[in-house]
Amino acid sequence: MTLLIRGGTVVTHEESYRADVLCGDGRILAIGENLELPAGAEVLEAGDLLVMPGGIDPHTHMELPFMGTVASEDFYSGTAAGLAGGTTSIIDFVIPNPRQSLLEAFQQWRGWAEKSAADYGFHVAVTWWSEQVSEEMGVLVREHGINSFKHFMAYKNAIMAADDTLVASFERCLELGAMPTVHAENGELVDHLQRKLLAQGITGPEAHPLSRPAQVEGEAASRAISIAGTLGVPLYLVHVSTEDAVEQIRLARRNGQPVYGEVLPGHLLLDDGVYQSADWQFAAGHVMSPPFRPAHHQRALWQGLQSGDLQTTATDHCCFCAEQKAAGRNDFSKIPNGTAGIEDRMAVLWDAGVNSGKLSMHEFVAITSTNTAKLFNLYPRKGAVRVGADADLVLWDPQGSRTISASTHHQNVDFNIFEGRQVLGVPRHTISQGRLVCCDGDLRAVRGAGRYLPRPAWPSAYQALQRRAEQQQPLPVAR
Ligand code: DUC
Ligand code: ZN
Ligand code: ZN
């Protein structure tokens, strides 16, 4: 199928210019002014629309078995909702049970993901440690295109990785040229505070943020950064939500340590007031970890994006319906943690970031797509508008508007943390693998059309970092 996008303005992370874009065989075939229309090609008039790389969401949990239930959004419905919102690729997480083979879990997730409507990759979580885990990490890197491993520093007695596992796994990542990533919350403190609050009879969702205060994230971020710095391995922190963690990242980067951070639109825009609602379902609907924070943290997160100390935006898309959240009716620690967002991430960030003047449209492309592609070795296949890249594009309408609501969204969940928010700037059309998959609100997602994205590791670059750490040379100061 050949598609000519005619007359729009191409916007990348570094430039913008008027051009036609010709797509065929799933790729971008040509970019230029007044391109000739090949015989049989479909034409999409872009007019005043911006032609940008499709969004990449580096943090989703489709159909995740978690906290005694399974996330309501599966790989088809979730990636379809992403396409409706301009996101054309995801990186989801394989999360093995402790003592489960990583390879077995990887194959399980690969099977579930076959129904995806958009391209997908995986980070693999290290939830326990043994010689077998170490060997399987090697197999995943060499044979299955995995270049990032996730570590949950929280969720004690479930999937938490304690310090011994972090150290062993980070060292293994270094050998393999893979990126360690962390969910930075001190799981011991969370466990302790949860018990204490319950013993005091505080059982509602208002206890959720009290059990996970900002220091819990700051401490874990600092510890993970110190471990990575000592070993000489890069580090990526998922869903950074506090000023404390941004400060740790900023300090490390100022010392030349390769540390990267991701932020979620919810943490940029919502505060912990949501947990005070008298409506239990409303408050529980916002229960995710890390929780929404006192408002002053938002300023630090925006500044982190503006300064480049935080590079990516994600959603942690992990959906649970009201009846699933009800499992924690008498005990907040049993409310399944998770909120939706894949459909709204780009529009919310455009509206709150670009329209407010906090971000340029080039920075918007960088934080919604290009930076993720670069960090996780998908660039320039993804995250770019250039000849040879995958034809994954979003045609953005800066004048279009939408009111976000669970009653109209495509996400398979009955709650939306952005309910009622009006956004100016929306995806008008989405193109995946050169196919028009969402056209003016008409979602044409195809079950199973998504492809697995292997992501090669970077062994030689990492060996240089390791040598530098071993020689204990001072790192150059970043400017
Ligand atoms: N946080 C959530 O809210 N849900 C899934 C896992 C996580 O870390
Ligand atoms: Zn997490
Ligand atoms: Zn997550």
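A quick note: this is a predicted structure, and the numbers were derived from the prediction, not measured. All ligand and atom numbering here is 1-based and tracks the order in the structure.
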Heavy atoms, side chains only, cut-off 4.5 Å: are Leu235 and Ile227 in contact?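 No. Closest side-chain heavy atoms not under 4.5 Å.
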Side chains of [X] and [Y] only: does a donor on one sit below 3.5 Å from an acceptor on the other?
X	Y	value
Gln324	Thr69	yes
Arg293	Thr242	no
Asp57	Thr87	no

Quick one: report the N, O or S atom of His183 that is nearest to the Zn ion (ligand 2).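 Minimum-distance N/O/S atom of His183 relative to the Zn ion (ligand 2) is ND1.
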Pair Thr60, Tyr120 - check side chain to side chain donor-acceptor pair (under 3.5 Å), show working. CA-CA 10 Å; Thr60 65; Tyr120 55 92; over 6 Å; no
Would you name the N/O/S atom of Asp316 that lies closest to the Zn ion (ligand 3)?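 When I compare the N, O and S atoms of Asp316, OD1 is nearest to the Zn ion (ligand 3).
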Considering heavy atoms of the protein only, find what lies nearest to [atom] and give residue, atom and distance to 0.1 Å.
atom	result
atom 4 (N) of ligand 1	Asn337 O, 2.9 Å
atom 1 (N) of ligand 1	Ser289 O, 2.9 Å
atom 7 (C) of ligand 1	Tyr155 OH, 3.2 Å

Taking atom 5 (C) of ligand 1 as the point of reference, which of Pro336, Ala71, Cys318, Gly338 owns the nearest heavy atom?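 Residue with the shortest heavy-atom distance to the ligand atom: Cys318.
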Can you confirm whether or not the ring centre of [X] sits under 6.0 Å from the ring centre of [Y]?
X	Y	result
Phe292	His267	yes
Phe93	Phe66	no
Phe122	His144	no

Counting backbone and side-chain atoms alike, does Cys318 have an N/O/S atom under 2.8 Å from the Zn ion (ligand 3)?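 No.
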Using a 4.0 Å heavy-atom cut-off, say whether Thr339 meets ligand 1 through its side chain, its backbone, both or neither.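 The answer is neither.
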May I ask you to identify, for His183, whether its side chain, its backbone, both or neither come under 4.0 Å of ligand 1 on a heavy-atom basis?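 Side chain only.
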Decide, counting backbone as well as side-chain atoms, whether His239 has an N, O or S atom less than 2.8 Å from the Zn ion (ligand 2).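 Checking His239: at least one N, O or S atom is under 2.8 Å.
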May I ask you to list the atoms of ligand 1 that are less than 4.0 angstrom from any heavy atom of Met288?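 The list of qualifying atoms is 3 (O).
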Go through ligand 1 atom by atom and flag the ones less than 4.0 Å from a non-hydrogen atom of Asp316.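 Listed by number with element, the hits are 1 (N), 2 (C), 7 (C).
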